[in-house]
Amino acid sequence: MTVEITDVGVDLGGRPVLRGVTATAREGRWLAVIGPNGAGKSTLLKAVMGLLPHTGLITVGGRPVRDLAPRDRARVLAYAPQSPLLPPDMTVHEYALLGRTPYIPYWGRESARDTETARAVLDRLDLTGLAARPLERLSGGERQRVVLARALTQQAPVLLLDEPTTALDLGHQQQVLELVDRLRRDDGLTVVSTLHDLTLAAQYADDLLLMSGGTAVAAGGPGEVLTEDLVTRHFGARVSIGAGPAGRPVVHLRRPTG
């Protein structure tokens with residue numbers, strides 16, 4: 001399912017946070033939104049999810065997000081925020097099962113299929129051993145994987161991930177990104193994520209959107225967007241960029257000499 005973002009603006013507290021953002025996340029592809037802190041990356045994801053009022057137009061599968069009822073929206077868009085509020089007494093399994101809410105009738109209960117879907121997702125995220133543990137007893141990395149588990153349990157065709165590798169060690173970073181990429185390929189998911197690590201964004205995403213100051217300043221393949229000029233200009237960092245696996249760019253910080 002394709003996501004079209006056209007001339008989108010968002011004001012928060014009377015202050016413009018996004019201005020004239022246009023981008024496309026094509027069906028079955030991974031769009032990574034990158035940019036310095038305060039660029040508006042997370043705000044853009046919240047607007048796509050329908051959590052923030054916006055000007056312009058955001059469509060999912062040709063339908064305006066603002067016209068979708070909450071349950072209908074949750075069936076096509078799954079969102080994993082960076083810092084969610086987690087009910088401390090809820091278990092890992094119970095929280096993952098919340099992802100099935102859009103499919104459970106009002107006043108109804110989860111079905112055996114809902115329970116099995118949640119169990120399978122926990123297994124794929126290496127969380128089965130924590131299924132009965134209360135959320136308050138999880139580490140930061142475990143909490144991040146549980147938030148992703150709830151989103152994946154929704155089985156929506158579009159997956160929105162806000163910094164999915166935050167607080168994860170290298171092994172779990174790779175595990176999560178590989179899982180998301182495998183789901184994208186196997187199930188035809190459209191993935192839109194923010195990613196802080198530019199090299200990871202280049203290795204996993206098909207397309208990049210570079211944001212700075214609340215606007216989109218570059219879009220295209222990793223090699224088109226991750227240039228030394230653009231990274232230096234918008235991140236204020238000295239870098240060198242080389243070729244990594246499959247020719248995708250790898251960003252290296254370069255210390256000043258002298």
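Heavy-atom basis, side chains included; hydrogens, waters and symmetry copies ignored.
The side-chain heavy atoms of L152 and L179, taken from C-beta on, include a pair separated by under 4.5 Å. The side-chain heavy atoms of R248 and Q203, taken from C-beta on, include a pair separated by under 4.5 Å. Looking at heavy atoms from C-beta onward, L226 lies out of side-chain contact with T199 at the 4.5 angstrom threshold.
The environment of CZ in R238 is sparse: at most 12 heavy-atom neighbours from other residues, nucleotides or ligands sit within 6.0 Å. With a 6.0 Å radius and a threshold of 12 heavy atoms from other residues, nucleotides or ligands, Q174 has its CD atom at or below the threshold.
Remark: side-chain polar atoms of Q154 are not paired, donor with acceptor, to backbone N or O of R100 under 3.5 angstrom. Under the 3.5 Å distance criterion, the side-chain polar atoms of T24 are left unmatched by any main-chain donor or acceptor of E4. Here the side chain of T153 pairs no donor or acceptor atom with the backbone of L97 at under 3.5 angstrom. Between the side chain of R145 and the backbone N or O of L125 there is at least one donor-acceptor pair closer than 3.5 Å. A distance-only check finds a donor-acceptor pair linking the side chain of E163 to the backbone of H196 [under 3.5 Å].
The side chain to side chain contact (heavy atoms under 4.5 Å, CB included) search around D229 returns T227, R233, not counting sequence neighbours. Residues satisfying the side chain to side chain contact (heavy atoms under 4.5 Å, CB included) criterion with T91, sequence neighbours excluded, are H93, E94.
By the 4.0 Å N-to-carboxylate-O rule, R63 lies too far from D67 to be salt-bridged with it. Salt-bridge formation is detected for the pair E116/R119: a Lys NZ or Arg NE/NH1/NH2 atom is positioned less than 4.0 Å from an Asp or Glu carboxylate oxygen. D206 and R184 are joined by a salt bridge, as a carboxylate oxygen and a charged side-chain nitrogen come within less than 4.0 angstrom of each other. The existence of a salt bridge linking D207 and R26 is confirmed by a sub-4.0 Å separation between a basic side-chain nitrogen and an acidic carboxylate oxygen.
For the residue pair D114/S111, the side-chain donor-acceptor check at 3.5 Å is satisfied.
Between atom CG of residue L18 and atom NZ of residue K46 there is a gap of 11.0 Å, rounded to the nearest 0.5 Å.
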